[in-house]
Number of protein chains: 2
Amino acid sequence: MGQRRYGQYCGLAQAADVLGERWTLLIVRDLLVGPKRFTDLRRGLGRVPTNILSARLKRLEAEGVVTRRVLPRPASSVVYELTAYGRDLEDAVLALGRWGARALGEPEPGETVTADSMIIALRAAFRPERATDHTVRFELHVADVVLTAEVKEGTLHLAEGPAAHADLVVRTGPAVRALLSGEITPARAVEDGQVLLHGDPGLLTTFTTLFQL
Amino acid sequence: MGQRRYGQYCGLAQAADVLGERWTLLIVRDLLVGPKRFTDLRRGLGRVPTNILSARLKRLEAEGVVTRRVLPRPASSVVYELTAYGRDLEDAVLALGRWGARALGEPEPGETVTADSMIIALRAAFRPERATDHTVRFELHVADVVLTAEVKEGTLHLAEGPAAHADLVVRTGPAVRALLSGEITPARAVEDGQVLLHGDPGLLTTFTTLFQL
DNA sequence: CTGGATCCCTCACGATACTG
DNA sequence: CAGTATCGTGAGGGATCCAG
């Protein structure tokens, strides 16, 4: 294992050593959303072999990126969460996600969307400098994922699940990417039927103002 | 190969697909410094097997990150360079490098420093907002790497090799990381002999102001 | 000499089954 | 639920060889 290191005294090489193994970056992505149990991580990653997931978590723990915590009774279950050092990966992960999102075309058959990946994508697209004078709550449906996005006092709150009293409910599919990247206008997306709204339709423009890749 | 994709419609998964194979991120690092020939890349990466380097370059070319260009005669050699899409990786790569640099302690025996990795590290550490009213030229020696860092009109110019008329020549080793991260003060580094100067010693404080992790 | 291609060996990864 | 055990496969490592 130590033999597989890059052998360069370089920050990027160090990062690649720690994060470069398969699945690791996606594990960090899901943990950036919040602490997770082993089985939750497993679900979010598609088809990770359990031995691989186990090995990656051990490695991340050894590197100080993740801590393993046993919840107090009566739950007594195990959760994995990022350390402060791990949370510092947010900038880099969002930057990578923005870059990768530009190369996404139409989803290939079999490709899935998870709540955590959508939450990270929205965090990456969020423009805080445009949010200072907006207070609004969206409920977003992408494929079969439902999440709540609330902007209040310039800060963003994202969570899985439906919103109570959403100002706008947005139902869409892969078109969300074209919408966020500006490839299609909100008006056009609604016109084409690629986005279905429930609430004030003008708020969709607010959405694409607040979230843009 | 298509079977190894993550199967998620997610920007980060896409980025991990393209960049996640071993060596790829370090290839991008060196190409961010400038176009390179096959053999230059080979040298900069330590001990990449040539078949692996070849396969990575083909993959990056297929993904639109790198272009392969045959120089006009009489050189007739081959250079690899980033496309515009590839250059857009700079933000993400610098962010990853900053994160990784924090975990670098003392270099382990056998770890090397290359000119390209130092140039990327300095780009990552550069604080343009502090550079607006500085014009200064440094010659930096780290281990056996020599490079020139010039700040002029708020912009940074980095190149391998010695500087003509440097305002300050800095000779150091692994201590450069502690200096950039603020773990030791410039005064202390000089005092300890971890940094040798030739020129106005006060400019070392300018250096640590302009470059900080 | 550069810019690779080829071969062989090893080990990490992936699939599946199983356990506290 | 939270992993460990086992085993086959293919990608990576290292050496060598070859064409322009």
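Chain identifiers are assigned alphabetically (A, B, ...) following the order of the sequence lines, protein sequences preceding nucleic acid strands; residue numbering begins at 1 within each chain.
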So does [X] pair up with [Y], basic N to acidic O under 4.0 Å?
X: B:Glu21; Y: A:Arg22; result: no
X: A:Arg68; Y: A:Glu81; result: no
X: B:Asp167; Y: B:Arg137; result: no
X: A:Asp17; Y: A:Arg4; result: no

Give the rounded distance in Å between these two atoms: [atom1] of [X] and [atom2] of [N].
X: B:Leu53; N: D:dA11; atom1: CG; atom2: P; result: 18 Å
X: A:Phe38; N: C:dT19; atom1: CZ; atom2: C1'; result: 14 Å
X: B:Leu41; N: C:dT2; atom1: CG; atom2: C1'; result: 13 Å
X: B:Asp40; N: C:dG3; atom1: CG; atom2: C1'; result: 12 Å
X: A:Arg69; N: D:dC1; atom1: CZ; atom2: P; result: 19 Å
X: A:Lys58; N: D:dA5; atom1: NZ; atom2: P; result: 9 Å
X: B:Arg5; N: C:dG14; atom1: CZ; atom2: C1'; result: 18 Å
X: B:Ile52; N: C:dA12; atom1: CD1; atom2: P; result: 15 Å

May I ask you to evaluate whether [X] reaches the phosphate of [N], defined as a side-chain N or O under 4.0 Å from OP1 or OP2?
X: A:Trp23; N: C:dG14; result: yes
X: A:Lys36; N: D:dC1; result: no
X: B:Arg22; N: D:dG13; result: yes
X: B:Tyr80; N: C:dG4; result: yes

Approximate separation, where rounding is to 0.5 Å, of [X] [atom1] and [Y] [atom2]:
X: A:Leu32; Y: A:Leu94; atom1: CG; atom2: CG; value: 7.0 Å
X: B:Arg29; Y: B:Asp116; atom1: CZ; atom2: CG; value: 7.0 Å
X: B:Leu96; Y: A:Leu96; atom1: CG; atom2: CG; value: 5.0 Å

Quick check: on DNA chain D, is the nucleotide nearest A:Leu57 upstream (toward 5') of the one nearest B:Arg47, or the reverse? Name the residue that is more 5'. A:Leu57

Taking the side chain from A:Thr67 and the backbone from A:Thr83, do they hold a donor-acceptor pair closer than 3.5 Å?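 No; judged by distance alone, with no hydrogens or angles, the pair does not exist.
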
Closest to side chain of [X], choosing from [options]:
X: A:Arg68; options: D:dG3, C:dG14, D:dG14; result: D:dG3
X: B:Arg4; options: D:dA2, D:dA11, D:dG3; result: D:dA11
X: A:Glu21; options: C:dG4, C:dC13, D:dT4; result: C:dC13
X: B:Arg56; options: D:dG12, C:dG3, C:dG14; result: D:dG12

If you fit an axis to the five pairs at each end of the helix from C:dC1-D:dG20 to C:dG20-D:dC1, how big is the angle between those two axes, to 10 degrees?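 That helix has its two terminal axes inclined by roughly 40°.
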
Looking for any heavy atom pair under 4.0 Å, which part of the strands does A:Arg42 touch: base, sugar-phosphate only, or nothing? nothing

Take B:Ser54 and B:Arg43, find for each the nucleotide of DNA chain C with the closest heavy atom, and name the residue whose nucleotide sits nearer the 5' end.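 Residue closer to the 5' terminus by nearest nucleotide: B:Arg43.
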
Toward the 5' end of DNA chain C, by each residue's nearest nucleotide, B:Thr39 or B:Asn51: B:Thr39

